[in-house]
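The sequence lines fix the lettering, A, B, ..., with proteins before strands; numbering per chain opens at 1. The figures that follow rest on heavy atoms only: side chains count, while hydrogens, waters and symmetry mates do not.
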Amino acid sequence: MVSATIPDRVPVTVLTGYLGAGKTTLLNRILTHEHGKKVALIINEFGEVGIDNQLVIDADEEIFEMNNGCICCTVRGDLIRIINSLMRRRDKFDHLVIETTGLADPAPVIQTFFMDEEVQSQTHLDAVVTVVDARHIWQHWEADEAQEQIAFADVILLNKVDLVTPAELDELEQRIRKMNAMAKLYRTRNAEVEMDVLLGVGAFDLKRALAIDPNFLGEDTHEHDQTVSSVAIVETGAVNGQRLNEWLGVLLQTQGPNIFRMKGILNIEGEDHRYVFQGVHMLLDGSRDRTWKPTDSRTNQLVFIGRNLNEAQLKDDFRRCLV
Amino acid sequence: MNRNSRPAFDRVWQQQLSDYVGAIAWSPRDPILAAASATGEVILYPINGQPQVLNPPSGQPMDCIAFSQDGNFLAAGGQDGRLRLWHLPTTGDIPAVPTHSLPAHNWVEHLAWNPQHNWLAFNLGRYIQIWDATQQDLIATLDFEASSVLCLTWHPDGQRLMAGGYQGAKLWDSRAWQDDPYVAELANVSVALAWSADGQYLASGNMDRTITVLEWHNREPSPYPWVMQGFPGKIRHLAWGRPSSTGQAPPLASASVEGIVVWQRSADPNVGWDGRLLEGHLAWVHGIAFQPRTQLLASAAEDGMVGLWPHAQRLSAVLQGAPAGFSCLAWHPSGGYLAAGGQQGELLLWSQRSI
């Protein structure tokens with residue numbers, strides 16, 4: 001009903017990464033690149049970014065706890081306020097980039113786009129892009145913020161690859177891959193990357209297929225030397241919708257704070273359509289997707305990214321949902 | 001107005017600003033409407049006469065505009081981080097004189113003139129400043145602390161100023177600005193505040209999709225607020241009406257997404273407030289207001305309709321003129337005129353047909 005009267009929603013890219021990782025270099029690239037898009041930018045740290053004829057808005061990070069029975073349900077109040085005002089000059093820009101501070105937890109930013117109906121009606125989250133300093137990441141590897149920024153990412157730039165050896169880089173890439181099996185990884189110098197891998201990614205678009213690293217799916221066992229990890233579940237067979245709902249309900253109630261992101265494609269019993277869903281902490285969004293093609297194998301695919309995930313139990317619990 | 005007659009309005013004129021009309025306001029003294037747009041225009045529109053541009057397009061949106069209680073001053077604020085003030089001499093024909101332009105680091109998103117004095121409250125991020133326009137002097141700077149200020153309103157008695165934001169609303173006393181404010185921990189985030197005309201009820205529209213209503217006696221609220229739930233989104237607009245009979249509580253209109261709900265206090269204390277849904281709008285409601293001295297509710301929405309709801313009940317008439325949607329509306333203090341702004345710069349004025 002509402003969607004019939006509103007113009008296309010503006011795509012939003014969230015840019016995270018530690019101070020010094022190369023975020024500002026990347027920002028400048030996005031703002032000056034000849035991609036034909038007019039970009040508005042919301043930043044927390046007014047640094048070297050200062051480009052004329054661009055819409056640059058300085059914001060203070062205001063975290064609001066929504067208190068609906070969930071300790072992890074937080075949104076960015078400043079973004080709600082700013083985006084809703086900004087949309088009055090809707091025709092002045094066609095992409096929004098939000099830069100977070102180096103120490104920010106990306107969850108409140110992402111949840112803002114799931115929680116606030118006004119923001120939701122006017123914008124859609126395109127992707128979370130995390131810039132990682134290939135050399136210095138080792139110094140703050142244990143920091144929650146560094147792990148969360150990697151865990152929430154759809155696109156990871158392994159930047160400053162010229163400052164490390166190929167062997168170190170391979171190790172880093174493997175390690176990141178175990179934490180986040182969904183993200184696309186790019187090795188960069190000076191944050192040089194094609195704009196179309198950053199803008200217009202559609203990572204939160206339920207209609208786009210899941211992109212799980214096939215190597216990750218192929219692995220049966222994972223080392224559990226890190227607290228943040230990805231768990232992938234691949235099972236054929238049909239899922240009982242009611243049992244699935246009950247399981248997800250309990251899972252999010254009890255594990256919500258630990259589950260950063262989840263995505264899935266499901267084969268629901270008696271349905272000709274694929275069912276796709278995604279979640280951020282306790283917020284879940286799902287819908288009926290295209291019909292299964294005759295050539296499809298009707299495989300259920302789920303990915304969880306989180307802290308202290310119990311892989312064996314997740315898999316067992318999911319199997320109990322199968323018909 | 002006859003109880004059974006439909007309200008009839010005729011278009012007086014239509015004007016055009018260059019972009020989204022962010023705010024409009026009527027002078028309490030002169031037959032003049034002021035409008036502000038997303039390109040930064042501030043323009044005075046007399047009901048009869050030529051428009052007068054006070055601020056040309058600057059590229060930076062103007063978000064709020066308001067006249068002082070005596071009509072001598074007009075204030076406007078927006079995203080260029082300046083508060084603008086004009087002095088309006090006693091007849092509308094004499095050009096307005098800009099008196100002041102205060103620099104501000106943040107966007108100026110909320111303005112509120114005191115109902116008794118020419119004191120202007122406005123926000124700068126989480127701070128509120130109070131400017132005495134007559135003395136040209138800063139009276140106070142208040143810190144909301146918990147977040148940016150999301151709404152700002154004076155108590156009808158003019159002695160107290162209330163601001164809403166994260167974790168509720170805070171109330172400062174003008175006789176002792178330096179004292180800590182009274183804190184009404186209403187809900188998680190207060191995004192709209194409205195006092196009933198008699199000051200007896202305070203309503204807060206909240207981000208968690210609830211409304212909280214507090215009843216006040218002798219400057220103290222009742223410890224048990226009413227909480228209204230079941231909205232599709234945050235409650236962005238509130239308007240108190242006029243009691244239908246003496247002794248009754250005034251009706252409260254609320255807007256959330258495309259829905260308008262009107263609340264009436266029940267005679268049964270166990271019920272609290274009864275809500276009724278006003279159905280008719282197909283898209284976001286951006287403004288609601290009761291006609292002064294009557295129970296006619298007007299609503300402006302993104303579906304391109306200004307709805308008129310006699311007794312705040314059924315939709316009886318629709319006014320049009322902004323095909324891409326309306327953004328705001330305001331009744332003339334006499335109630336005889338209704339103005340509405342549009343998302344593509346339309347500005348329309350209607351007058352009520354006399355019966």
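Between Met207(B) and Met115(A) there is no side-chain heavy-atom pair separated by less than 4.5 Å. Side-chain contact between Asp60(A) and Arg126(B) is absent, with no heavy-atom pair separated by less than 4.5 Å. By the 4.5 Å heavy-atom criterion applied to side chains, Glu62(A) and Tyr166(B) are not counted as neighbours. At least one side-chain heavy atom of Met66(A) sits less than 4.5 Å from a side-chain heavy atom of Asn188(B). Residues Trp284(B) and Glu118(A) meet the side-chain proximity criterion, which asks for heavy atoms closer than 4.5 Å.
Expressed to the nearest 0.5 Å, how far CG of Leu150(B) lies from CZ of Phe64(A) amounts to 5.0 Å. Rounding to the nearest 0.5 Å places CD1 of Ile82(A) at 7.5 Å from OG of Ser148(B). To the nearest 0.5 angstrom, Asn84(A) atom CG is 5.0 Å from Lys234(B) atom NZ.
Of the two parts of Ile63(A), only the backbone, made up of N, CA, C and O, holds a non-hydrogen atom closer than 4.5 Å to a non-hydrogen atom of chain B. Using a 4.5 Å cut-off between heavy atoms, Gln79(B) contacts chain A through its side chain alone, with no backbone atom that close. Within the 4.5 angstrom heavy-atom criterion, only side-chain atoms of Asp116(A), from C-beta onward, approach chain B.
Enclosure of atom CZ in Arg314(B) is not indicated, since only 12 or fewer non-hydrogen atoms of other residues, nucleotides or ligands lie within 6.0 angstrom.
Ranked by heavy-atom pairs under 4.5 Å with chain A, the first of Gly22(B), Ala38(B), Ser147(B), Gly125(B) is Ser147(B).
The pair Arg88(A)-Asp19(B) does not meet the salt-bridge criterion, since no charged nitrogen lies less than 4.0 angstrom from a carboxylate oxygen.
A donor-acceptor pair under 3.5 Å is absent between the side-chain atoms of Glu117(A) and the main chain of Pro232(B), judged by distance alone.
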